[in-house]
Q: 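The structure is given below, and queries will be raised subsequently.
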Amino acid sequence: MAWADDPLPTGVAVLPYGMGRSYGDSCLNAEGPVLLTRGLRRFISFDVDAGVLRAEAGVTLGEVTELVLGRGWLPPVLPGTQFVTLGGAVANDIHGKNHHRAGAFGRHVRAIGLRRSDGSLSTLHPGDPLFAATVAGLGLTGLVTWVEVQLERVPSGWVEQEAIRFRSLEEAEALDDASRDSYSHTVAWIDGLARGRALGRGVYFRGNVAEGPPTPPRRPKPRKVPFEAPELLLSPFLLRTFNAVYDHLPRWRSRTSVWKFFHPLDTLGGWNRLYGRRGFFQHQSVVPDMEGVRALLALTSTRGQGSFLSVLKRFGALGSPGMLSFPRPGWTLTVDVPNRGEETLAYLDAMDALVRTYGGAIYPAKDARMSGETFRLGFPRLDEFATFIDPGFRSRFWSRVMG
Ligand SMILES: Cc1cc2nc3c(=O)[nH]c(=O)nc-3n(C[C@H](O)[C@H](O)[C@H](O)COP(=O)(O)OP(=O)(O)OC[C@H]3O[C@@H](n4cnc5c(N)ncnc54)[C@H](O)[C@@H]3O)c2cc1C
């Protein structure tokens with residue numbers, strides 16, 4: 001367990017580990033210990049009028065939301081799960097459904113405390129080169145001990161949301177064009193099994209945090225998946241039924257809590273077990289335009305071996321502050337694919353090849369198998385970043401892609 005003042009282990013490479021919500025090996029260390037940052041879980045200060053919060057790096061975004069929501073504030077960027085630490089949010093420069101409005105998480109970070117293996121403890125600010133290396137720095141520039149973040153002012157803890165079916169990627173793009181200015185949060189679910197003329201059909205979600213009951217909604221308790229389901233999510237019948245239901249849903253509006261809107265999967269704790277013992281891969285890429293998305297979906301529908309749900313989001317133009325930040329203008333497509341061994345790996349390699357062809361990148365937080373070449377092509381500031389790595393830090397991801 002890491003404490004802010006503890007000396008770091010010497011003679012062996014370490015890696016900070018937050019909640020382990022990264023899907024691949026970027027939070028694993030094959031060569032030494034991990035520093036469990038949940039020991040760093042104190043709030044340090046909160047300016048209620050200005051919405052500026054400083055907390056230790058092991059505090060989760062869910063804990064921040066719980067503290068600040070009743071006072072009219074929300075973390076400025078929220079990922080699909082609340083179980084992400086501030087350190088993890090910084091180290092992957094995470095993004096949310098509001099990227100087109102707010103950009104990536106690092107844009108809202110005002111300062112970071114960083115401990116290096118030489119014993120130094122420094123405060124970094126936007127504009128410092130080491131700040132730009134540490135945001136999206138994959139835990140390799142040192143241990144982030146605390147984070148100061150500018151929160152977002154919200155009128156309540158409730159979201160007015162709308163869901164609209166679409167029949168093609170053209171329709172999805174048109175919906176996004178029509179929604180970006182008036183909705184802070186947008187995302188689309190795509191039927192990953194649809195082929196031919198149905199390719200790219202799905203449901204578009206848009207929402208705004210709106211006026212609502214003054215009492216903030218309670219943080220829900222997850223219900224656990226009690227066992228490793230026998231590949232429940234892989235049954236073709238279930239997949240087709242699931243998609244058919246979505247395809248026939250009418251347009252609907254509703255009011256929901258920020259918890260359910262931002263973190264829908266959290267209500268089902270251990271949902272990943274529904275994929276059975278062999279688990280699954282998640283592939284998240286960003287490509288500059290819809291042609292790339294179409295090619296990735298066409299491949300998925302024929303070779304994705306039952307990737308039934310894909311998520312599509314258009315990133316906005318606001319620049320990301322990290323040298324290795326993943327968000328950039330374009331469309332980001334996320335595909336969950338059950339692990340069926342060699343054929344799955346071959347399909348994922350083919351997805352990477354398309355991403356390279358269309359000039360995109362793969363999100364390291366979700367990766368367990370991309371090649372060094374794919375990584376290098378997607379992150380042009382890699383060599384500059386490498387000069388800031390702390391020699392006492394190492395991850396399995398880094399050893400794999402960089403050798
Ligand atoms: C259901 C689900 C939905 C998700 N949705 C999104 C999404 O919408 N957008 C998005 O961007 N991501 C999303 N993610 C990914 C997740 O936000 C990132 O992987 C995040 O970094 C995980 O944080 P963590 O605290 O679990 O960190 P870990 O996964 O434990 O570690 C992630 C990285 O952060 C580093 N790190 C952790 N703490 C520190 C520290 N104190 N100092 C330095 N480095 C540190 C680690 O070394 C590692 O490189 C999702 C993940 C899940 C499981």
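Every number for a ligand or one of its atoms is a count from 1 in the order of the listing. For the numbers below, each heavy atom of this structure counts, side chains included, while hydrogens, waters and symmetry mates do not.
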Q: Do any N/O atoms on Leu78 end up under 3.5 angstrom from N/O atoms on ligand 1?
A: no

Q: Any Lys/Arg nitrogen of Glu63 or Arg219 sitting under 4.0 Å from an Asp/Glu carboxylate oxygen of the other?
A: no

Q: Please evaluate residues Ser399 and Glu31 with respect to the criterion side chain to side chain donor-acceptor pair (under 3.5 Å), reporting the C-alpha separation (whole Å), side-chain torsions for both, the decisive distance (0.1 Å), and the verdict.
A: CA-CA 9 Å; Ser399 302; Glu31 296 163 35; 2.9 Å; yes

Q: Look at ligand 1 and say whether Tyr23 reaches it with a heavy atom at a distance under 4.0 Å.
A: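 So Tyr23 counts as touching ligand 1.
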
Q: Considering Arg38, His263, Arg21, which one's heavy-atom position lies nearest to atom 51 (C) of ligand 1?
A: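 Residue with the shortest heavy-atom distance to the ligand atom: Arg21.
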
Q: May I ask you to say whether Glu162 pairs ionically with Arg253, meaning some side-chain N is under 4.0 Å from a carboxylate O?
A: yes

Q: What about Phe262 and His185, are their ring centers closer than 6.0 Å?
A: yes

Q: Decide whether the shortest distance between a heavy atom of Gly20 and an atom of ligand 1 is less than 4.0 Å.
A: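 In this structure, Gly20 qualifies as a contact of ligand 1 - some heavy atom is under 4.0 Å.
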
Q: Taking Asp352 first and then Arg356, would you say they form a salt bridge - that is, a charged N and a carboxylate O separated by under 4.0 Å?
A: no

Q: So which heavy atom in the protein is nearest atom 5 (N) of ligand 1, and how far is it from that ligand atom?
A: Gly80 N, 3.0 Å

Q: Go through the steps for Ser179 and Arg206 under the test side chain to side chain donor-acceptor pair (under 3.5 Å), then give the verdict.
A: CA-CA 7 Å; Ser179 309; Arg206 56 191 192 185; 2.8 Å; yes

Q: Within ligand 1, which atoms have a heavy atom of Lys366 less than 4.0 Å away?
A: 13 (C), 14 (N), 15 (C)

Q: Among all protein heavy atoms, pick out the one at the shortest distance from atom 39 (C) of ligand 1; state its residue, atom name and that distance to 0.1 Å.
A: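 The closest heavy atom on the protein side is Pro16 CB, 3.5 Å.
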
Q: Under a heavy-atom criterion of less than 4.0 Å, does Gly142 contact ligand 1?
A: yes

Q: Classify the ring geometry between Phe397 and Phe375 as parallel (under 30°), tilted (30 to 60°) or perpendicular (over 60°).
A: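 Aromatic pair Phe397/Phe375 classed perpendicular.
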
Q: Under 4.0 Å from a heavy atom of Ala57: which atoms of ligand 1 are those, numbered in the order shown and with their elements?
A: 41 (N)

Q: So how far is it from Trp73 CH2 to Phe46 CZ, rounded to the nearest 0.5 Å?
A: 7.5 Å

Q: Which residue and atom name correspond to the protein heavy atom nearest atom 16 (C) of ligand 1, and how close is it?
A: Val84 CG2, 4.0 Å

Q: Just jot down the ligand 1 atoms closer than 4.0 angstrom to any heavy atom of Leu15, in number order.
A: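 Those qualifying, in numeric order: 47 (O).
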
Q: Relative to Tyr347, does Arg369 satisfy both conditions: NZ or CZ under 6.0 angstrom from the six-membered ring centre, and within 45 degrees of the ring's axis?
A: no

Q: Between Phe326 and ligand 1, find which residue part has any heavy-atom pair under 4.0 Å and reply side chain, backbone, both or neither.
A: neither

Q: For the atom pair CG (Asp367) and CD1 (Ile362), what is the distance rounded to the nearest 0.5 Å?
A: 7.0 Å

Q: Can you tell me which residue and heavy atom of the protein come closest to atom 34 (O) of ligand 1, and the distance to 0.1 Å?
A: Ala91 CB, 3.1 Å

Q: If you measure from each heavy atom of Gly96 to ligand 1, is any distance below 4.0 Å?
A: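 Distance cut 4.0 Å: Gly96 fails for ligand 1.
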
Q: Mark up the atoms of ligand 1 that fall under 4.0 Å of a heavy atom belonging to Thr37, in ascending order.
A: 41 (N)

Q: May I ask you to check if ligand 1 and Cys27 share an N or O to N or O distance below 3.5 Å?
A: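 No, since none of the N or O atoms of Cys27 sits under 3.5 Å from an N or O of ligand 1.
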
Q: State the atoms of ligand 1, each with its element, that fall below the 4.0 Å cut-off from a heavy-atom position in Ala365.
A: 19 (O)

Q: Compute the shortest N/O to N/O distance between Leu265 and ligand 1 and return yes if it is under 3.5 Å, no if not.
A: no

Q: I want to confirm something. Looking only at heavy atoms, which of Val34, Val144, Leu61 is nearest to atom 42 (N) of ligand 1?
A: Val144

Q: Is Arg294 salt-bridged to Glu291, going by a charged N under 4.0 Å from an acidic O?
A: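 Yes.
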
Q: So which protein heavy atom does atom 24 (P) of ligand 1 come closest to, and at what separation?
A: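 Here the closest protein heavy atom is Met19 N, 3.4 Å.
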
Q: What's the separation between atom OG1 in Thr300 and atom NE2 in His283, rounded to the nearest 0.5 Å?
A: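 With rounding to 0.5 Å, OG1 (Thr300) is 8.5 Å from NE2 (His283).
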
Q: Report the part of Ile94 (side chain from C-beta onward, or backbone N, CA, C, O) that has a heavy atom under 4.0 Å from ligand 1; answer both or neither where that applies.
A: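 Within the 4.0 Å criterion, Ile94 contacts ligand 1 through backbone and side-chain atoms alike.
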
Q: Should you measure from each heavy atom of Leu138, which atoms of ligand 1 turn up under 4.0 Å away?
A: 47 (O), 49 (O)

Q: What atoms of ligand 1 come within less than 4.0 Å of a heavy atom belonging to Ser22?
A: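 Every atom of ligand 1 under 4.0 Å from some heavy atom of Ser22: 18 (C), 19 (O), 21 (O), 22 (C), 28 (P), 29 (O), 31 (O), 32 (C).
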
Q: For the side-chain hydrogen bond (donor to acceptor under 3.5 Å, both in side chains) test, which of His99, Arg101, Arg180, Lys313 pairs with Thr186?
A: Lys313

Q: If you have a sec, work out which protein heavy atom is nearest atom 48 (C) of ligand 1 and how many Å separate them, to one decimal?
A: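 Minimum-distance protein heavy atom for atom 48 (C) of ligand 1 reads Ser26 O, 3.4 Å.
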
Q: Under 3.5 Å between any N/O of Gly18 and any N/O of ligand 1: does that happen in this structure?
A: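 Indeed, backbone or side chain, Gly18 has an N or O that close.
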
Q: Are Lys97 and Phe261 in a cation-pi contact, defined as NZ or CZ under 6.0 Å from the six-membered ring centre and within 45° of the axis?
A: yes

Q: List the closest protein heavy-atom neighbour of atom 44 (N) of ligand 1: residue, atom name, distance to the nearest 0.1 Å.
A: Gly139 CA, 3.3 Å

Q: Locate the shortest heavy-atom distance separating Arg314 from Asp177; write the atom from each residue and the value.
A: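 Taking Arg314 first and Asp177 second, the nearest heavy atoms are NH2-OD1, 2.6 Å.
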
Q: Need the ligand 1 atom indices (1-based, order shown) with element for anything under 4.0 Å from a heavy-atom of Asn92.
A: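 Counting atoms of ligand 1 from 1, those under 4.0 Å from Asn92 are 18 (C), 19 (O), 20 (C), 21 (O), 32 (C), 33 (C).
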
Q: Is the closest heavy-atom distance from Tyr363 to ligand 1 below 4.0 Å?
A: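 Yes, Tyr363 has a heavy atom closer than 4.0 Å to ligand 1.
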
Q: Using a 4.0 Å heavy-atom cut-off, say whether Thr81 meets ligand 1 through its side chain, its backbone, both or neither.
A: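 Near ligand 1, Thr81 shows its backbone as well as its side chain.
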
Q: Ignoring angles and geometry beyond distance, decide whether His95 reaches within less than 3.5 Å of ligand 1 through its nitrogen or oxygen atoms.
A: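 Among all N and O atoms of His95, at least one is under 3.5 Å from an N or O of ligand 1.
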
Q: Could you report the tightest heavy-atom contact between Ile389 and Phe393, atom names first, then the distance?
A: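 What the structure gives for the nearest pair is CG2-O, 4.3 Å.
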
Q: As an exercise, state the distance from CG of Leu138 to CZ of Phe379, rounded to the nearest 0.5 Å.
A: 8.0 Å

